[in-house]
Engineer: 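Before I ask anything, let me first share the structure, which is written out below as C-alpha coordinates.
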Amino acid sequence: MRNITEGIILKSFPLGEADLIVTIYTLDYGLVRVFAKSPRKTKSRFGSSLEPFSYNKITFLGNEDNNLPRLIQADIIYPFQSLRDNLKCYIKSTEILEVTLNLQPERLIVKELFYILLDTLKKLDSECNTNRWNLFYKIKLLKYSGLAPELSGCVICNCAGRTFYIHEGAVICEDCFIKGDYPRKISLSQGAINLYITILKWNWDNLHRIKPSDILNSELNNMIDRHIEYRSERNLKTKWFNFKVQQVMGSSVTTP
Amino acid sequence: MSEGIIGRLIDALTSLPGIGRKTAQRLAFFILTMPKDQAEAIASAIIDVKNKACFCSVCFNITSSETCEICSNQSRDQSKICVVEEPSNIMVIERARVFDGLYHVLLGSLSPIDGITPDRLKIEELRQRVAKGNITEVILATNPNTKGEMTAQYVADVLKPFNIAVSRIAYGLPMGGDIEFADEVTMSRSLQGRKSIV
(Lines give C-alpha, C1' and ligand atoms only; values in the text may rest on other atoms or scores of the structure.)
Protein backbone atom coordinates (compact mmCIF):
# COMPACT_ATOMS: atom_id res chain seq x y z
CA MET A 1 0.00 0.00 0.00
CA ARG A 2 1.33 3.44 -0.94
CA ASN A 3 1.05 6.09 1.78
CA ILE A 4 1.56 9.77 1.04
CA THR A 5 1.77 12.28 3.87
CA GLU A 6 3.77 15.14 5.33
CA GLY A 7 6.43 14.50 7.93
CA ILE A 8 9.26 15.96 9.97
CA ILE A 9 12.50 13.99 10.20
CA LEU A 10 13.37 13.30 13.83
CA LYS A 11 16.26 10.87 13.69
CA SER A 12 18.09 8.51 11.39
CA PHE A 13 20.13 5.43 12.10
CA PRO A 14 22.66 3.97 9.65
CA LEU A 15 21.97 0.46 8.45
CA GLY A 16 24.44 -1.56 6.40
CA GLU A 17 26.66 0.21 3.87
CA ALA A 18 24.54 3.16 2.77
CA ASP A 19 21.00 2.59 4.06
CA LEU A 20 19.15 4.39 6.82
CA ILE A 21 16.33 3.72 9.23
CA VAL A 22 14.57 7.07 9.55
CA THR A 23 12.15 8.09 12.28
CA ILE A 24 9.59 10.57 11.00
CA TYR A 25 6.76 12.35 12.79
CA THR A 26 3.99 12.32 10.22
CA LEU A 27 0.69 14.15 10.00
CA ASP A 28 -1.46 11.13 9.12
CA TYR A 29 0.35 8.19 10.72
CA GLY A 30 2.01 9.64 13.83
CA LEU A 31 5.55 8.51 14.56
CA VAL A 32 6.77 6.03 11.94
CA ARG A 33 10.09 4.34 11.32
CA VAL A 34 10.89 3.70 7.68
CA PHE A 35 13.66 2.05 5.72
CA ALA A 36 15.42 4.22 3.13
CA LYS A 37 17.60 2.58 0.49
CA SER A 38 21.03 4.19 -0.09
CA PRO A 39 20.42 7.82 1.01
CA ARG A 40 24.02 8.07 2.22
CA LYS A 41 25.42 7.76 -1.30
CA THR A 42 26.43 11.13 -2.79
CA LYS A 43 24.19 10.68 -5.83
CA SER A 44 21.17 9.52 -3.84
CA ARG A 45 17.83 10.93 -4.99
CA PHE A 46 16.95 11.61 -1.34
CA GLY A 47 19.64 14.32 -1.19
CA SER A 48 19.44 16.20 2.09
CA SER A 49 15.74 15.47 2.61
CA LEU A 50 16.43 12.93 5.36
CA GLU A 51 18.45 15.26 7.57
CA PRO A 52 16.92 16.06 10.99
CA PHE A 53 14.26 18.84 11.08
CA SER A 54 13.49 18.55 7.34
CA TYR A 55 9.80 19.02 6.69
CA ASN A 56 8.97 16.82 3.72
CA LYS A 57 6.24 15.38 1.61
CA ILE A 58 6.95 11.68 1.93
CA THR A 59 5.78 8.50 0.24
CA PHE A 60 6.30 5.10 1.81
CA LEU A 61 5.19 1.57 1.02
CA GLY A 62 3.71 -0.70 3.67
CA ASN A 63 0.54 -1.54 5.53
CA GLU A 64 -0.31 -0.44 9.06
CA ASP A 65 1.02 -3.67 10.55
CA ASN A 66 4.27 -3.41 8.60
CA ASN A 67 7.07 -2.89 11.12
CA LEU A 68 9.45 -1.17 8.74
CA PRO A 69 7.82 0.34 5.65
CA ARG A 70 10.03 1.40 2.77
CA LEU A 71 10.46 5.09 2.04
CA ILE A 72 10.38 5.65 -1.69
CA GLN A 73 10.22 9.43 -1.96
CA ALA A 74 10.90 12.51 0.14
CA ASP A 75 10.48 16.01 -1.27
CA ILE A 76 11.52 18.92 0.91
CA ILE A 77 8.72 21.36 1.76
CA TYR A 78 10.93 23.39 4.11
CA PRO A 79 14.46 22.30 5.12
CA PHE A 80 14.86 24.30 8.39
CA GLN A 81 18.47 24.71 7.31
CA SER A 82 19.17 27.56 9.73
CA LEU A 83 18.61 25.18 12.67
CA ARG A 84 21.51 23.15 11.33
CA ASP A 85 23.80 26.09 10.61
CA ASN A 86 24.45 27.02 14.20
CA LEU A 87 25.54 24.73 17.05
CA LYS A 88 23.47 26.63 19.66
CA CYS A 89 20.29 26.38 17.59
CA TYR A 90 21.04 22.80 16.70
CA ILE A 91 21.30 21.66 20.34
CA LYS A 92 18.19 23.61 21.30
CA SER A 93 16.15 22.24 18.40
CA THR A 94 17.44 18.71 18.90
CA GLU A 95 15.95 18.78 22.38
CA ILE A 96 12.53 19.19 20.76
CA LEU A 97 13.11 16.13 18.60
CA GLU A 98 14.44 14.08 21.52
CA VAL A 99 11.47 14.69 23.82
CA THR A 100 9.09 13.84 20.97
CA LEU A 101 10.94 10.57 20.37
CA ASN A 102 10.91 9.76 24.09
CA LEU A 103 7.25 10.47 24.75
CA GLN A 104 5.35 9.69 21.56
CA PRO A 105 4.54 6.04 20.86
CA GLU A 106 4.71 4.79 17.27
CA ARG A 107 1.63 5.15 15.04
CA LEU A 108 -0.34 7.31 17.47
CA ILE A 109 -1.97 9.96 15.31
CA VAL A 110 -2.10 13.39 17.00
CA LYS A 111 -2.53 15.95 14.24
CA GLU A 112 -2.55 18.91 16.66
CA LEU A 113 0.85 17.88 17.98
CA PHE A 114 2.24 17.64 14.46
CA TYR A 115 1.23 21.23 13.75
CA ILE A 116 2.61 22.36 17.12
CA LEU A 117 5.94 20.62 16.38
CA LEU A 118 6.07 22.24 12.97
CA ASP A 119 5.27 25.65 14.41
CA THR A 120 7.86 25.26 17.19
CA LEU A 121 10.55 24.56 14.58
CA LYS A 122 9.38 27.62 12.63
CA LYS A 123 9.63 29.74 15.78
CA LEU A 124 13.13 28.43 16.54
CA ASP A 125 14.06 29.02 12.91
CA SER A 126 13.20 32.70 13.28
CA GLU A 127 14.08 33.40 16.93
CA CYS A 128 16.59 30.86 18.14
CA ASN A 129 17.87 33.05 20.99
CA THR A 130 14.73 32.71 23.08
CA ASN A 131 14.16 29.70 25.34
CA ARG A 132 10.41 29.90 25.78
CA TRP A 133 9.39 27.83 22.73
CA ASN A 134 11.16 24.72 24.01
CA LEU A 135 9.27 25.01 27.28
CA PHE A 136 5.92 25.66 25.56
CA TYR A 137 6.42 22.69 23.26
CA LYS A 138 7.38 20.31 26.06
CA ILE A 139 4.28 21.23 28.08
CA LYS A 140 1.98 20.78 25.07
CA LEU A 141 3.71 17.47 24.23
CA LEU A 142 3.09 16.23 27.78
CA LYS A 143 -0.54 17.29 27.48
CA TYR A 144 -1.09 15.39 24.21
CA SER A 145 0.80 12.38 25.58
CA GLY A 146 -1.49 12.27 28.63
CA LEU A 147 1.46 12.86 30.96
CA ALA A 148 1.00 16.50 31.93
CA PRO A 149 1.89 17.16 35.60
CA GLU A 150 -0.91 18.27 37.87
CA LEU A 151 0.11 21.54 39.52
CA SER A 152 -3.19 23.35 40.08
CA GLY A 153 -3.45 22.13 43.69
CA CYS A 154 -2.94 19.08 45.88
CA VAL A 155 -3.99 16.12 43.76
CA ILE A 156 -5.67 14.46 46.79
CA CYS A 157 -7.46 17.24 48.72
CA ASN A 158 -7.22 20.07 46.14
CA CYS A 159 -5.82 22.50 48.70
CA ALA A 160 -2.96 24.83 47.82
CA GLY A 161 0.50 23.29 47.60
CA ARG A 162 3.76 24.05 45.87
CA THR A 163 5.80 20.86 46.31
CA PHE A 164 5.91 18.75 43.18
CA TYR A 165 6.57 15.04 43.68
CA ILE A 166 8.18 13.62 40.54
CA HIS A 167 7.13 10.00 41.04
CA GLU A 168 3.51 11.08 41.61
CA GLY A 169 3.58 13.59 38.75
CA ALA A 170 1.63 16.07 40.87
CA VAL A 171 1.64 18.58 43.67
CA ILE A 172 0.71 17.06 47.03
CA CYS A 173 0.27 19.07 50.20
CA GLU A 174 2.16 18.25 53.40
CA ASP A 175 -1.02 17.00 55.13
CA CYS A 176 -1.86 14.48 52.42
CA PHE A 177 1.60 13.10 51.80
CA ILE A 178 2.80 10.27 54.01
CA LYS A 179 5.76 11.56 55.94
CA GLY A 180 9.17 10.41 54.82
CA ASP A 181 12.26 11.38 52.91
CA TYR A 182 11.47 11.91 49.24
CA PRO A 183 14.51 13.15 47.31
CA ARG A 184 12.54 13.45 44.10
CA LYS A 185 10.55 16.49 45.00
CA ILE A 186 10.80 20.05 43.74
CA SER A 187 9.57 23.19 45.46
CA LEU A 188 8.04 25.51 42.90
CA SER A 189 7.32 29.21 43.09
CA GLN A 190 3.74 30.35 42.63
CA GLY A 191 4.89 32.19 39.48
CA ALA A 192 6.14 28.94 37.92
CA ILE A 193 2.87 27.18 38.77
CA ASN A 194 0.82 29.99 37.27
CA LEU A 195 2.99 30.02 34.15
CA TYR A 196 2.58 26.27 33.74
CA ILE A 197 -1.22 26.39 34.11
CA THR A 198 -1.43 29.24 31.60
CA ILE A 199 0.70 27.45 29.01
CA LEU A 200 -1.27 24.25 29.51
CA LYS A 201 -4.67 25.92 29.12
CA TRP A 202 -4.01 28.52 26.45
CA ASN A 203 -4.37 27.78 22.80
CA TRP A 204 -1.04 27.35 20.99
CA ASP A 205 -1.76 30.29 18.68
CA ASN A 206 -1.96 32.66 21.66
CA LEU A 207 1.20 31.51 23.44
CA HIS A 208 3.39 34.06 21.64
CA ARG A 209 1.89 36.59 24.05
CA ILE A 210 3.60 34.92 27.01
CA LYS A 211 7.18 36.07 27.58
CA PRO A 212 8.38 34.57 30.87
CA SER A 213 11.51 35.84 32.59
CA ASP A 214 14.65 33.70 32.25
CA ILE A 215 14.50 32.73 35.93
CA LEU A 216 10.89 31.57 35.73
CA ASN A 217 11.50 29.83 32.43
CA SER A 218 14.52 28.03 33.86
CA GLU A 219 12.70 26.98 37.05
CA LEU A 220 9.76 25.49 35.19
CA ASN A 221 11.94 23.99 32.46
CA ASN A 222 14.05 22.16 35.03
CA MET A 223 10.96 20.66 36.64
CA ILE A 224 9.49 19.66 33.26
CA ASP A 225 12.78 18.04 32.19
CA ARG A 226 12.95 15.96 35.37
CA HIS A 227 9.32 14.95 34.91
CA ILE A 228 9.98 13.92 31.28
CA GLU A 229 13.07 11.94 32.31
CA TYR A 230 11.10 10.11 34.99
CA ARG A 231 8.11 9.36 32.75
CA SER A 232 10.17 8.26 29.73
CA GLU A 233 12.67 6.41 31.96
CA ARG A 234 15.47 7.98 29.91
CA ASN A 235 17.90 10.77 30.59
CA LEU A 236 17.72 13.71 28.21
CA LYS A 237 20.88 13.27 26.14
CA THR A 238 20.79 16.77 24.66
CA LYS A 239 20.91 18.23 28.17
CA TRP A 240 24.01 16.16 28.95
CA PHE A 241 25.53 17.11 25.58
CA ASN A 242 25.00 20.78 26.32
CA PHE A 243 26.63 20.37 29.71
CA LYS A 244 29.68 18.70 28.13
CA VAL A 245 29.99 21.39 25.44
CA GLN A 246 29.80 24.06 28.14
CA GLN A 247 32.60 22.34 30.04
CA VAL A 248 34.91 22.50 27.03
CA MET A 249 33.92 25.84 25.59
CA GLY A 250 33.71 27.55 28.96
CA SER A 251 30.47 29.36 28.12
CA SER A 252 26.85 28.38 27.82
CA VAL A 253 25.83 27.16 24.42
CA THR A 254 22.16 27.11 25.28
CA THR A 255 20.75 29.23 28.03
CA PRO A 256 18.83 27.29 30.69
CA MET B 1 22.56 -22.43 11.36
CA SER B 2 23.92 -24.78 8.73
CA GLU B 3 25.87 -27.90 9.53
CA GLY B 4 29.16 -29.14 8.07
CA ILE B 5 32.28 -27.20 7.12
CA ILE B 6 30.69 -25.55 4.08
CA GLY B 7 27.65 -24.59 6.16
CA ARG B 8 29.92 -23.01 8.78
CA LEU B 9 31.74 -20.99 6.12
CA ILE B 10 28.43 -19.80 4.63
CA ASP B 11 27.21 -18.74 8.09
CA ALA B 12 30.46 -16.89 8.73
CA LEU B 13 30.33 -15.07 5.39
CA THR B 14 26.71 -13.94 5.89
CA SER B 15 27.87 -11.95 8.93
CA LEU B 16 29.68 -9.55 6.55
CA PRO B 17 27.80 -6.39 5.50
CA GLY B 18 26.11 -6.62 2.10
CA ILE B 19 26.51 -10.41 1.91
CA GLY B 20 23.26 -12.34 1.84
CA ARG B 21 22.80 -16.10 2.02
CA LYS B 22 23.02 -16.68 -1.74
CA THR B 23 26.15 -14.57 -2.18
CA ALA B 24 27.72 -16.29 0.83
CA GLN B 25 26.98 -19.67 -0.74
CA ARG B 26 28.56 -18.58 -4.04
CA LEU B 27 31.65 -17.25 -2.24
CA ALA B 28 31.96 -20.40 -0.15
CA PHE B 29 31.97 -22.63 -3.22
CA PHE B 30 34.43 -20.28 -4.93
CA ILE B 31 36.75 -20.53 -1.90
CA LEU B 32 36.41 -24.34 -2.11
CA THR B 33 37.74 -24.34 -5.68
CA MET B 34 40.51 -21.79 -4.98
CA PRO B 35 44.20 -22.78 -4.79
CA LYS B 36 45.11 -23.52 -1.15
CA ASP B 37 47.73 -20.73 -0.89
CA GLN B 38 45.23 -18.09 -2.05
CA ALA B 39 42.67 -19.19 0.50
CA GLU B 40 45.34 -19.20 3.21
CA ALA B 41 46.40 -15.66 2.19
CA ILE B 42 42.82 -14.43 2.71
CA ALA B 43 42.54 -16.21 6.06
CA SER B 44 45.90 -14.91 7.31
CA ALA B 45 45.08 -11.35 6.14
CA ILE B 46 41.90 -11.46 8.22
CA ILE B 47 43.76 -12.85 11.26
CA ASP B 48 46.56 -10.26 10.84
CA VAL B 49 44.16 -7.36 10.68
CA LYS B 50 42.45 -8.54 13.84
CA ASN B 51 45.71 -9.21 15.71
CA LYS B 52 47.88 -6.31 14.59
CA ALA B 53 45.57 -3.44 13.64
CA CYS B 54 45.64 -0.55 16.09
CA PHE B 55 45.18 3.20 16.00
CA CYS B 56 48.07 5.48 15.07
CA SER B 57 49.17 7.30 18.23
CA VAL B 58 49.29 10.62 16.34
CA CYS B 59 46.35 10.71 13.93
CA PHE B 60 44.19 7.68 14.94
CA ASN B 61 44.33 6.13 11.49
CA ILE B 62 44.43 2.33 11.37
CA THR B 63 47.97 1.01 11.38
CA SER B 64 50.01 -2.00 12.49
CA SER B 65 52.80 0.06 14.10
CA GLU B 66 53.06 2.94 16.58
CA THR B 67 52.58 5.61 13.90
CA CYS B 68 50.92 5.17 10.52
CA GLU B 69 52.67 5.41 7.12
CA ILE B 70 51.27 8.90 6.51
CA CYS B 71 52.43 10.36 9.84
CA SER B 72 55.91 8.85 9.50
CA ASN B 73 56.34 10.06 5.91
CA GLN B 74 58.52 13.18 6.23
CA SER B 75 58.04 14.16 2.57
CA ARG B 76 54.42 15.08 3.25
CA ASP B 77 53.43 18.64 4.14
CA GLN B 78 53.67 18.70 7.94
CA SER B 79 51.87 22.03 8.27
CA LYS B 80 48.43 20.91 7.08
CA ILE B 81 45.99 18.59 8.83
CA CYS B 82 42.86 17.21 7.23
CA VAL B 83 40.26 16.22 9.84
CA VAL B 84 38.03 13.26 8.98
CA GLU B 85 35.41 11.25 10.84
CA GLU B 86 36.56 7.70 10.09
CA PRO B 87 39.81 6.02 8.95
CA SER B 88 38.02 4.86 5.78
CA ASN B 89 37.64 8.53 4.75
CA ILE B 90 41.44 8.84 4.49
CA MET B 91 41.53 6.21 1.73
CA VAL B 92 38.98 8.19 -0.32
CA ILE B 93 40.94 11.44 0.02
CA GLU B 94 44.23 9.69 -0.75
CA ARG B 95 42.70 8.24 -3.91
CA ALA B 96 42.02 11.80 -5.12
CA ARG B 97 45.81 12.54 -4.95
CA VAL B 98 45.37 16.24 -4.31
CA PHE B 99 46.24 16.43 -0.62
CA ASP B 100 49.76 15.73 0.64
CA GLY B 101 49.40 16.86 4.25
CA LEU B 102 48.62 14.91 7.42
CA TYR B 103 45.33 13.61 8.78
CA HIS B 104 43.48 13.46 12.05
CA VAL B 105 40.67 10.95 12.58
CA LEU B 106 37.99 11.95 15.08
CA LEU B 107 36.54 8.42 15.24
CA GLY B 108 32.95 9.60 14.92
CA SER B 109 30.84 12.73 14.85
CA LEU B 110 28.98 14.73 17.48
CA SER B 111 25.36 13.80 18.02
CA PRO B 112 23.36 15.23 20.92
CA ILE B 113 20.40 12.92 20.28
CA ASP B 114 22.65 9.82 20.48
CA GLY B 115 24.64 11.17 23.42
CA ILE B 116 27.92 11.40 21.44
CA THR B 117 29.60 14.21 23.37
CA PRO B 118 32.90 15.98 22.41
CA ASP B 119 34.91 14.01 24.97
CA ARG B 120 34.05 10.77 23.16
CA LEU B 121 35.83 11.96 20.01
CA LYS B 122 39.53 12.71 19.42
CA ILE B 123 39.00 16.47 19.48
CA GLU B 124 41.20 17.16 22.49
CA GLU B 125 44.03 15.21 20.80
CA LEU B 126 43.64 17.43 17.72
CA ARG B 127 43.79 20.55 19.88
CA GLN B 128 47.01 19.29 21.46
CA ARG B 129 48.52 18.59 18.02
CA VAL B 130 47.73 22.10 16.88
CA ALA B 131 48.97 23.58 20.16
CA LYS B 132 52.43 22.06 19.56
CA GLY B 133 52.86 24.59 16.73
CA ASN B 134 54.00 24.32 13.07
CA ILE B 135 50.43 23.72 11.85
CA THR B 136 49.24 26.47 9.52
CA GLU B 137 45.98 25.04 8.21
CA VAL B 138 43.31 22.59 9.35
CA ILE B 139 40.89 21.32 6.71
CA LEU B 140 37.61 20.01 8.11
CA ALA B 141 36.52 17.10 5.92
CA THR B 142 33.70 15.71 8.05
CA ASN B 143 30.61 14.37 6.27
CA PRO B 144 28.33 16.98 4.66
CA ASN B 145 25.39 15.98 6.85
CA THR B 146 23.99 17.53 10.03
CA LYS B 147 26.26 15.62 12.41
CA GLY B 148 29.33 16.30 10.28
CA GLU B 149 28.46 19.98 9.99
CA MET B 150 28.03 20.39 13.73
CA THR B 151 31.27 18.52 14.39
CA ALA B 152 33.11 20.81 11.95
CA GLN B 153 31.62 23.88 13.60
CA TYR B 154 32.56 22.66 17.07
CA VAL B 155 36.15 21.80 16.01
CA ALA B 156 36.47 25.23 14.36
CA ASP B 157 35.38 26.84 17.66
CA VAL B 158 37.93 24.77 19.61
CA LEU B 159 40.73 25.82 17.20
CA LYS B 160 39.79 29.50 17.11
CA PRO B 161 42.30 30.59 19.82
CA PHE B 162 45.26 29.30 17.74
CA ASN B 163 44.76 31.84 14.93
CA ILE B 164 45.41 29.36 12.13
CA ALA B 165 43.53 28.89 8.87
CA VAL B 166 40.56 26.55 9.40
CA SER B 167 38.73 25.61 6.20
CA ARG B 168 35.78 23.38 5.33
CA ILE B 169 35.60 21.17 2.23
CA ALA B 170 33.32 22.58 -0.49
CA TYR B 171 29.62 21.81 -0.77
CA GLY B 172 27.73 21.19 -3.95
CA LEU B 173 26.67 18.83 -6.66
CA PRO B 174 28.43 15.49 -7.21
CA MET B 175 30.35 15.08 -10.49
CA GLY B 176 28.34 13.13 -13.04
CA GLY B 177 25.10 14.15 -11.37
CA ASP B 178 22.24 16.08 -12.89
CA ILE B 179 21.04 19.48 -11.62
CA GLU B 180 17.46 18.38 -12.26
CA PHE B 181 17.64 15.94 -9.35
CA ALA B 182 19.41 18.21 -6.84
CA ASP B 183 17.52 19.07 -3.68
CA GLU B 184 17.04 22.63 -2.39
CA VAL B 185 19.76 22.53 0.26
CA THR B 186 22.46 21.07 -2.02
CA MET B 187 21.55 23.54 -4.77
CA SER B 188 21.63 26.57 -2.45
CA ARG B 189 24.96 25.45 -0.97
CA SER B 190 26.49 24.98 -4.41
CA LEU B 191 25.33 28.45 -5.47
CA GLN B 192 26.66 30.02 -2.26
CA GLY B 193 30.01 28.31 -2.79
CA ARG B 194 30.27 29.16 -6.50
CA LYS B 195 33.70 29.90 -7.98
CA SER B 196 34.73 32.36 -10.68
CA ILE B 197 36.08 30.64 -13.79
CA VAL B 198 37.14 33.74 -15.72
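So that the names make sense, note that chain A is the first sequence line, chain B the second, and so on, each numbered from 1.
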Engineer: Please check if the number of heavy atoms outside B:Met91 that lie under 6.0 Å from its CE is greater than 12.
Structural biologist: no
Engineer: I'd like to know if A:Arg45 pairs up with B:Asp183 as an ion pair, taking the criterion as any Lys NZ or Arg NE/NH1/NH2 lying under 4.0 Å from an Asp or Glu carboxylate oxygen.
Structural biologist: no
Engineer: Under a 4.5 Å cutoff for heavy-atom pairs, which residue among A:Glu98, A:Glu51, A:Lys239 has the most contacts with chain B?
Structural biologist: A:Glu51
Engineer: Below 4.5 Å, heavy-atom pairs only: which of A:Asp85, A:Leu50, A:Asp75 has the largest tally toward chain B?
Structural biologist: A:Asp85
Engineer: Below 4.5 Å from any heavy atom of chain A, which atoms of B:Met175 appear? Answer side chain, backbone, both or neither.
Structural biologist: backbone
Engineer: Which pair of non-hydrogen atoms, one from B:Ile116 and one from A:Phe241, has the smallest distance, and what is that distance?
Structural biologist: O-CE1, 3.1 Å
Engineer: Output yes when B:Asp119 and A:Lys244 qualify as a salt bridge under the 4.0 Å nitrogen-oxygen rule, no when they do not.
Structural biologist: yes
Engineer: Are B:Pro112 and A:Trp240 side-chain neighbours, meaning at least one heavy-atom pair lies under 4.5 Å?
Structural biologist: no
Engineer: As an exercise: rank B:Asp157, B:Leu173, B:Thr186 by heavy-atom pairs under 4.5 Å with chain A and give me the winner.
Structural biologist: B:Asp157
Engineer: Taking atom OH of A:Tyr90 and atom NZ of B:Lys147, what is their separation to the nearest 0.5 Å?
Structural biologist: 7.0 Å
Engineer: For the CZ atom on A:Phe13, are there more than 12 heavy atoms of other groups (residues, nucleotides or ligands in this structure) within a distance under 6.0 Å?
Structural biologist: no
Engineer: Could you grab the distance from atom CG of A:Asn86 to atom CD of B:Gln153, nearest 0.5 Å is fine?
Structural biologist: 5.5 Å
Engineer: Within a reach of under 6.0 Å around CD1 of B:Ile179, are more than 12 heavy atoms found that belong to other residues, nucleotides or ligands?
Structural biologist: no
Engineer: Taking everything shown except A:Glu233 itself, do over 12 heavy atoms lie less than 6.0 Å from its CD?
Structural biologist: no
Engineer: Where is the tightest heavy-atom contact between A:Thr238 and B:Ile113, given as atom of each residue plus distance?
Structural biologist: CG2-N, 4.4 Å
Engineer: Quick one: closest heavy-atom pair of A:Ile76 and B:Glu184, and the distance?
Structural biologist: O-OE2, 3.1 Å
Engineer: Near B:Leu16 CG, under 6.0 Å, is it more than 12 heavy atoms from other residues, nucleotides or ligands?
Structural biologist: yes
Engineer: Under 4.5 Å from any heavy atom of chain A, what part of B:Asp114 do you find: side chain, backbone, both or neither?
Structural biologist: both
Engineer: Tell me, for B:Ser188 versus chain A, whether the close heavy atoms (under 4.5 Å) come from the side chain, the backbone, both or neither.
Structural biologist: neither
Engineer: Using a 4.5 Å cut-off on heavy atoms from C-beta on, say whether the side chain of A:Gln81 contacts that of B:Arg189.
Structural biologist: yes
Engineer: Can you tell which of B:Asn143, B:Ile123, B:Leu110, B:Val158 has the highest number of heavy-atom pairs within less than 4.5 Å of chain A?
Structural biologist: B:Leu110
Engineer: Is A:Leu10 in contact with chain B via its backbone, its side chain, both, or neither, using a 4.5 Å heavy-atom distance?
Structural biologist: backbone
Engineer: Which distance, rounded to the nearest 0.5 Å, do you find between the CG of A:Leu20 and the CG of B:Asn145?
Structural biologist: 9.0 Å
Engineer: For the CZ atom on A:Arg33, are there more than 12 heavy atoms of other groups (residues, nucleotides or ligands in this structure) within a distance under 6.0 Å?
Structural biologist: no
Engineer: Does CD in A:Glu127 sit with more than 12 non-hydrogen atoms of other residues, nucleotides or ligands closer than 6.0 Å?
Structural biologist: yes
